[in-house]
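For reference, the structure discussed in these notes is given below.
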Protein chains: 2
Amino acid sequence: MESRIERLCVENGLKMTGPRRAIARILSEVDGHPDVDELHRLAHTLDPRISLATVYRTVRLFEQHGILERRSLGSRRARYEMSGEHDHFHLIDQESGKVIEFDEPETETLMRRVAARHGFDLISLKIELFGRKLRSESPPDRSDDARQTVEPAGEPR
Amino acid sequence: MESRIERLCVENGLKMTGPRRAIARILSEVDGHPDVDELHRLAHTLDPRISLATVYRTVRLFEQHGILERRSLGSRRARYEMSGEHDHFHLIDQESGKVIEFDEPETETLMRRVAARHGFDLISLKIELFGRKLRSESPPDRSDDARQTVEPAGEPR
DNA sequence: CTATTTGCAAAGTATTTGCGCCGAA
DNA sequence: TTCGGCGCAAATACTTTGCAAATAG
């Protein structure tokens, strides 16, 4: 079966080699924001011959073709996620390093307008909120916000 | 004469050594978003004995005390700017790497609300827009937006 | 005086590259 | 068959650290 990313590779005219296919599959299945080491570790389970260098080369390639986006999310190493039609943003727990994704459609519109105001066409945007969990008082209301993913986090910076 | 940052250091109970004073002054005077090398080069003109390691140690210290904020702004190396009362954001020209600062007060409010909705207290936020200059049509309207700084940019990533 | 800080050089991370062999188209 | 991709190891880029000498409070 062909993963979403494999299809994008073909559409972009990329040669589909074994390693690329493996990495593409990993990327399609993993959730969260893996860094290169994680990707390498996972790809390694599909094909132990895949080298770290290839993972680096592949994510760079995918990024250049708009298939992946690079984030920092408060960690030192680069972390990646698939590009979506609409942007979503990240809320990072300063203590644990956990990342929560959230949507905020108005924001993108607003930012597009800001860019235009300065004579720019918006290509992409990164929004990272750093916060501390509220201990006390009113239980958080999360009645809106469609998708929402929490991940275990690497190092709490 | 004492720089703004020097004052902040004293308030934070930091020992004011020669190197720190020099770096603080550089930071107060430079505009833009210098990386560690730039700071070192500049500090070097004030006192040639200041080492790169000390610059690294000092920016880390200042960051921990909330005096400085670390940004990435599309480049690999960390870049710094003074913390202000209110956050401002960055628009990066994908071609040249130039950085434009802009204010968007509503945004911070909105983001604070989003964080609260997820049960978090907002500590800081980073917003980076990546854009391409509009060649054609209507001259950009910049009648609002208070402050605005453009800087020459290091490497266009 | 004493606990911190500094410079230096060496060690650590994160990422990229040169090169000869290998495989997809 | 051909050209680009791959693994490997070495190179590079950025940042941190151990240690002995220097210094702020």
Side-chain angles (χ1 to χ4, degrees), chain A residues 2 5-7 9-24 26 33-41 43-65 67-68 70-80 97 154-157, chain B residues 2 6-7 9-24 26 33-41 43-44 46-65 67-68 70-80 97 154-157:
Chain A
E2 190 182 57
I5 292 192
E6 280 178 80
R7 206 172 319 118
C9 290
V10 175
E11 284 169 22
N12 277 277
L14 301 181
K15 213 186 238 187
M16 276 322 285
T17 66
R20 282 185 193 169
R21 215 181 301 279
I23 294 166
I26 296 297
H33 305 82
D35 60 32
V36 173
D37 265 344
E38 267 164 83
L39 291 176
H40 180 231
R41 194 162 34 70
H44 207 266
T45 66
L46 291 190
D47 179 349
R49 288 169 306 173
I50 293 173
S51 76
L52 184 57
T54 295
V55 180
Y56 271 107
R57 283 190 272 237
T58 303
V59 292
R60 198 190 346 172
L61 182 76
F62 287 179
E63 194 195 358
Q64 285 164 343
H65 286 269
I67 295 170
L68 281 187
R70 186 204 307 232
R71 304 281 143 139
S72 31
L73 303 176
S75 79
R76 178 144 39 126
R77 29 236 280 183
R79 297 169 67 177
Y80 294 85
E155 1 85 71
R157 71 162 320 212
Chain B
E2 188 180 60
E6 280 177 80
R7 206 171 320 118
C9 290
V10 175
E11 285 169 22
N12 277 277
L14 302 180
K15 229 184 222 187
M16 277 322 285
T17 65
R20 284 184 190 168
R21 216 182 301 278
I23 295 167
I26 296 296
H33 304 84
D35 61 32
V36 172
D37 264 344
E38 267 164 80
L39 291 176
H40 180 230
R41 193 163 35 69
H44 207 266
L46 289 191
D47 179 350
R49 289 168 306 172
I50 293 173
S51 76
L52 185 56
T54 294
V55 179
Y56 271 106
R57 283 190 272 235
T58 304
V59 290
R60 203 202 326 183
L61 182 77
F62 286 1
E63 195 195 356
Q64 286 164 344
H65 286 268
I67 296 170
L68 281 187
R70 185 204 307 234
R71 304 282 142 143
S72 31
L73 303 176
S75 78
R76 178 144 37 125
R77 30 234 284 184
R79 298 168 64 176
Y80 294 85
E155 2 82 75
R157 68 158 326 205

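Below, chain A is the first sequence line, B the second, and so on; all start at residue 1. This structure is a prediction, so every number in the text was calculated from the model and none was measured. These values consider heavy atoms only, across backbone and side chains, with no hydrogens, waters or symmetry-generated copies.
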Given atom [atom1] of [X] and atom [atom2] of [N], what is their separation to the nearest angstrom?
X: B:R21; N: C:dT5; atom1: CZ; atom2: P; value: 14 Å
X: B:Q64; N: C:dT5; atom1: CD; atom2: C1'; value: 14 Å
X: B:R79; N: D:dT15; atom1: CZ; atom2: C1'; value: 17 Å
X: A:L52; N: C:dT13; atom1: CG; atom2: P; value: 14 Å

Which comes earlier along DNA chain D counting from the 5' end, the contact point of B:R60 or that of A:A53, where each point is its nearest nucleotide?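 Its nearest nucleotide lies further toward 5', so the answer is A:A53.
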
Return the 5'-most residue of the pair B:M16, B:V36 with respect to DNA chain D, ranking by each residue's nearest nucleotide.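 By nearest-heavy-atom nucleotide position, the 5'-most residue is B:V36.
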
Least distance between heavy atoms, [X] atom then [Y] atom:
X: B:L52; Y: B:H40; result: N-NE2, 3.4 Å
X: B:K15; Y: B:R20; result: O-NH1, 3.0 Å
X: B:H44; Y: B:I50; result: CD2-O, 4.0 Å
X: A:M16; Y: A:C9; result: SD-CB, 3.4 Å

Touch check for A:R20, heavy atoms < 4.0 angstrom, all strands: base, sugar-phosphate only, or nothing?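 Sugar-phosphate contact only - A:R20 comes under 4.0 Å of backbone atoms but never of a base.
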
Residue whose closest nucleotide on DNA chain C lies nearer the 5' end, B:K15 versus B:R49: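 Residue closer to the 5' terminus by nearest nucleotide: B:K15.
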
If you only use heavy atoms from C-beta on, which nucleotide in D:dC19, C:dT17, C:dT15 is closest to the side chain of A:R57?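 Per side-chain heavy atoms of A:R57, the pick is C:dT17.
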
Give a yes or no on whether a donor-acceptor pair under 3.5 Å exists between the nucleobase atoms of C:dG12, that is its base, and the side chain of A:R76.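 Result: no qualifying N/O pair found.
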
Hey, does the side chain of B:T17 come within less than 4.0 Å of C:dT6's phosphate (OP1/OP2), counting only N and O?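 True: B:T17 side-chain N/O within range (under 4.0 Å) of C:dT6 OP1/OP2.
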
Determine: side-chain N/O of B:Y56 to OP1/OP2 of D:dT15, distance under 4.0 Å, yes or no.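 Yes, because at least one side-chain N or O of B:Y56 sits under 4.0 Å from OP1 or OP2 of D:dT15.
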
